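Residue numbers start from 1 in every chain, and the chains themselves are labelled A, B, ... in the order their sequence lines are given, proteins ahead of strands. These numbers come from a predicted model, not from an experiment.
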2 protein chains.
Amino acid sequence: MASNAKRATQDEPATVLGHCPRFHAAIELIGRRWNGVILQRLLTGPLRFSEIRRGVPGLTDAMLSQRLRELEDAAVVKRIVTDQRPVQVTYALTPIGSQLSPVLTAVADWSVQWAERDERAT
Amino acid sequence: MASNAKRATQDEPATVLGHCPRFHAAIELIGRRWNGVILQRLLTGPLRFSEIRRGVPGLTDAMLSQRLRELEDAAVVKRIVTDQRPVQVTYALTPIGSQLSPVLTAVADWSVQWAERDERAT
DNA sequence: CAGTATCCAGTTTGATACTG
DNA sequence: CAGTATCAAACTGGATACTG
């Protein structure tokens with residue numbers, strides 16, 4: 001509740017917080033099951049399929065495969081295949097994907113405060 | 001990420017090599033279908049049930065009702081009933097809910113850049 | 001290793017209708 | 001206005017089995 005502007009004027013370029021379908025799509029992409037954690041892991045650098053899976057307990061092959069493809073379609077993740085003999089595939093964030101860093105940091109930050117509320121109630 | 005370098009120095013059984021369940025829960029709460037937009041609207045100040053619904057195209061009564069309850073359970077939203085004659089119910093962010101502001105702003109910010117990628121590719 | 005295909009149970013959604 | 005009930009349809013996730 002940063003401002004008391006009840007209703008933005010229609011000409012407002014919708015400061016980041018106006019009703020905006022991009023925002024909607026973005027937050028649901030990031031928040032889609034598993035995606036947040038996958039992205040979080042990728043933020044530390046490129047990883048192989050199995051490395052991601054190992055880092056995310058409960059995530060199955062099928063799910064990871066599907067999510068990775070969605071993330072690729074969203075241009076957030078890039079799939080890299082090496083020509084090497086033991087074909088090696090790695091996944092990395094694209095430039096726009098890397099820019100999710102502040103977003104994920106903000107969420108991680110908030111989640112700590114949010115968790116405190118629970119711990120206190122214990 | 002704020003916590004991915006954190007080791008299990010304590011006896012926190014939940015934190016495994018950077019895998020943080022709070023982060024997971026937080027991002028999925030925020031990213032759950034409709035929640036992002038509902039939260040976004042509430043950020044501008046308390047709103048009545050119908051005001052929220054009107055501000056979010058496609059959102060049905062049943063969905064809004066359910067989401068609002070989940071958000072309440074998560075202590076992010078507070079339901080306020082006035083004693084006034086035409087009983088009036090409003091929904092507002094709790095203190096911890098208000099602290100989502102930077103998070104949502106970061107997402108909104110990112111979503112703009114993300115959208116540019118599409119426009120450019122066309 | 002790095003996936004894909006399929007089956008299927010469980011969950012989520014969205015109309016529609018109805019209450020205080 | 002502020003919801004709740006219900007029910008069918010769509011979607012999701014997980015296990016298992018199978019490629020290259």
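- The nucleotide D:dG20 finds its pairing partner in C:dC1, both defining distances of the Watson-Crick or G-U wobble pair being shorter than 3.5 Å.
- Taking only side-chain nitrogens and oxygens, A:R32 never comes nearer than 4.0 Å to OP1 or OP2 of D:dG13.
- Salt bridge B:R54/B:E51: absent, no basic N to carboxylate O contact under 4.0 Å.
- In this structure, B:R69 atom CZ and D:dT4 atom C1' are separated by 9 Å, rounded to whole Å.
- The side chain of A:V89 lies closest to C:dA2, out of D:dG13, C:dA2, D:dG3.
- Between B:L64 atom CG and C:dT12 atom C1' there is a gap of 16 Å when expressed in whole angstrom units.
- For the pair A:S65 and C:dG3, the criterion of a side-chain N or O lying under 4.0 Å from OP1 or OP2 is not met.
- Two residues are said to be in side-chain contact when any heavy atoms from C-beta on lie closer than 4.5 Å; B:I30 and B:L104 meet this criterion.
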Please walk me through it: do A:L39 and A:L93 pass side chain to side chain contact (heavy atoms under 4.5 Å, CB included)? CA-CA 8 Å; A:L39 254 11; A:L93 294 177; 4.0 Å; yes

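- Taking only side-chain atoms of B:A62, from C-beta outward, the nucleotide of D:dA15, C:dT13, D:dA5 with the closest atom is D:dA5.
- Rounded to whole Å, the distance from CD on B:E70 to P on D:dG3 is 15 Å.
- Between the CZ atom of A:R79 and the P atom of C:dC1 there is a distance of 15 Å, rounded to whole Å.
- For B:M63 and C:dT13, the CE to P distance is 5 Å, given to the nearest whole Å.
- Regarding contacts with the backbone of D:dA2, a side-chain N or O of B:R48 is found under 4.0 angstrom from either OP1 or OP2.
- Put simply, B:Y91 has a side-chain N or O that comes within less than 4.0 Å of OP1 or OP2 on D:dG3.
- Salt bridge status for A:R69 with A:E72: absent, with no side-chain N to carboxylate O gap under 4.0 Å.
- Whole-Å rounding puts the B:W34 CH2 to C:dT13 P distance at 9 Å.
- B:I38 places its CD1 atom 11 Å from the P atom of C:dT13, with the value rounded to the nearest Å.
- One interatomic measurement links the two molecules: CD of A:Q66 to P of D:dC11, which rounds to 12 Å at whole-angstrom precision.
- Two residues are said to be in side-chain contact when any heavy atoms from C-beta on lie closer than 4.5 Å; A:L100 and B:W114 fail this criterion.
- Ranked by how close their nearest DNA chain D nucleotide is to the 5' end, B:Q88 and A:R67 are led by B:Q88.
- Close to C:dA2, at under 4.0 Å from its OP1 or OP2, lies a side-chain N or O of A:S50.
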